[in-house]
Amino acid sequence: GSMDTASEPNSQADDASPIVSDAVEGRLEIKSRGWTTGSVLSEKLSALVTWRYGAKPDLQAGLCIVTSHPCDVLCDNFEREPTLEVVFGRIVDARVQDYVNGKNPRVLHLAIRGGEHAGKTVELRAADRGDLPRKILATDDPVASVLSLREATAVTDWLGSRYMRSAFPDEFVSRLD
């Protein structure tokens, strides 16, 4: 329908359009600002993250990186996807080979491709995750997109593999040691 229809009293569109408009406008604003997997939160947004139990982010020593799937970041339904996941990344001196390519289920090292830390290494720890209300992305721009598409995929694969990995009996593990 036209915009005039939505403003008519007692129309069904009048009841629904603020919700639809809010969701559509919110999604478009988030998309126009460039938010996606691998985007870095500003200092203002980083301060609003609700960190999970056991997380120990030192916001002065690293970055808060969006780890939610791009489709979840841009979903137009804020009730179905109310939050997005972020992980804190510490800037470290060098990449450790045991922590690249998802070899370790708890720690991941990645090369930073953009922003003020370009060319350095970021260390992600699975325990250092948090959540942020997704709508808030419409209020601020990402600082930088520090991960290439390949690296962003490595993060989501790494996090997902934590749920899909094999478990072995203690006796078997003790024999390996």
Side-chain angles (χ1 to χ4, degrees), residues 26-76 78 81-166 176-177:
R27 179 196 184 279
L28 291 174
E29 185 65 25
I30 290 169
K31 184 176 182 177
S32 72
R33 289 177 178 270
W35 287 103
T36 190
T37 307
S39 294
V40 176
L41 302 182
S42 67
E43 201 173 299
K44 177 179 97 173
L45 294 188
S46 295
L48 300 175
V49 172
T50 301
W51 294 103
R52 296 180 187 175
Y53 181 79
K56 295 180 175 91
D58 176 0
L59 300 181
Q60 303 306 311
L63 315 162
C64 293
I65 302 170
V66 174
T67 58
S68 293
H69 189 278
C71 292
D72 298 335
V73 174
L74 297 176
C75 179
D76 62 2
F78 290 99
E81 286 290 343
T83 61
L84 59 94
E85 184 177 69
V86 300
V87 64
F88 174 74
R90 282 170 193 75
I91 306 303
V92 296
D93 293 331
R95 288 174 74 170
V96 175
Q97 287 304 305
D98 287 347
Y99 297 152
V100 299
N101 301 322
K103 293 177 192 172
N104 186 299
R106 292 172 187 83
V107 181
L108 180 67
H109 279 189
L110 299 168
I112 300 175
R113 73 169 171 95
E116 68 178 283
H117 301 292
K120 295 183 181 174
T121 297
V122 64
E123 177 178 280
L124 309 180
R125 294 187 170 269
D128 290 339
R129 291 184 288 163
D131 299 292
L132 183 71
R134 201 167 52 86
K135 277 186 177 183
I136 204 144
L137 296 182
T139 68
D140 203 3
D141 292 331
V143 173
S145 184
V146 300
L147 303 179
S148 66
L149 179 58
R150 181 173 169 255
E151 298 279 37
T153 301
V155 172
T156 56
D157 288 349
W158 170 68
L159 289 172
S161 71
R162 290 181 49 78
Y163 299 99
M164 302 303 291
R165 65 185 184 208
S166 299
L176 292 176
D177 291 340

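In this chain, numbering begins with 1 at the start of the sequence shown. Bear in mind the structure is a predicted one, so any value in this text is a computation, not a measurement.
- Legend: salt bridge (Lys or Arg N to Asp or Glu O under 4.0 Å) pairs involving residues 145-154, not counting sequence neighbours: none detected.
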For V107 and R125: C-alpha separation, side-chain torsions, deciding distance, then whether side-chain contact (heavy atoms from CB on, under 4.5 Å) applies.
CA-CA 5 Å; V107 181; R125 294 187 170 269; 3.3 Å; yes

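- Expressed to the nearest 0.5 Å, how far CG of D140 lies from CD1 of I30 amounts to 12.0 Å.
- V49 approaches L132 most closely through the heavy-atom pair N-CD1, 4.0 Å.
- Closest heavy-atom contact between N104 and W158: O-NE1, 2.8 Å.
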Apply side-chain contact (heavy atoms from CB on, under 4.5 Å) to residues T121 and V96 and explain how you reach the verdict.
CA-CA 9 Å; T121 297; V96 175; over 6 Å; no

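- Heavy atoms only, all atoms of each residue included: R134 and L84 are closest at CG-CD2, 3.7 Å.
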Under 3.5 Å, which donor-acceptor pairs link side chains of residues 59-69 to any protein atom two or more places apart or in another chain?
{"unit_1": "T67", "atom_1": "OG1", "unit_2": "E85", "atom_2": "O", "d": "3.2"}
{"unit_1": "T67", "atom_1": "OG1", "unit_2": "E85", "atom_2": "OE1", "d": "3.1"}
{"unit_1": "S68", "atom_1": "OG", "unit_2": "E85", "atom_2": "N", "d": "2.7"}
{"unit_1": "H69", "atom_1": "ND1", "unit_2": "C71", "atom_2": "N", "d": "3.0"}

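- Contacts classified as salt bridge (Lys or Arg N to Asp or Glu O under 4.0 Å) and involving residues 86-101 (residues at least two apart or in different chains) are given here: R90-D128.
- Judged by distance alone, the side chain of K135 and the main-chain N or O of G26 form no donor-acceptor pair under 3.5 Å.
- Among residue pairs with one or both ends in residues 28-38, those qualifying as side-chain hydrogen bond (donor to acceptor under 3.5 Å, both in side chains) are E29-R33, R33-D141; sequence neighbours excluded.
- Remark: R129 CZ to L159 CG distance equals 5.5 Å, nearest 0.5 Å.
- What you find for F88 and P57 is that their closest heavy atoms are CG-CB, 3.6 Å.
- Nearest heavy-atom pair, L41 versus S46, reported as atom, atom and distance to 0.1 Å: CB-OG, 3.5 Å.
- Contact between L45 and L137 at its shortest, heavy atoms only, is CD1-CD2, 4.2 Å.
- Legend: salt bridge (Lys or Arg N to Asp or Glu O under 4.0 Å) pairs involving residues 107-121, not counting sequence neighbours: none detected.
- Looking at heavy atoms from C-beta onward, V143 lies in side-chain contact with S42 at the 4.5 angstrom threshold.
- Listed by chain and residue number, Y99 satisfy the ring-ring contact (aromatic ring centres under 6.0 Å, His included) test with H109 (two or more places apart in sequence, or in another chain).
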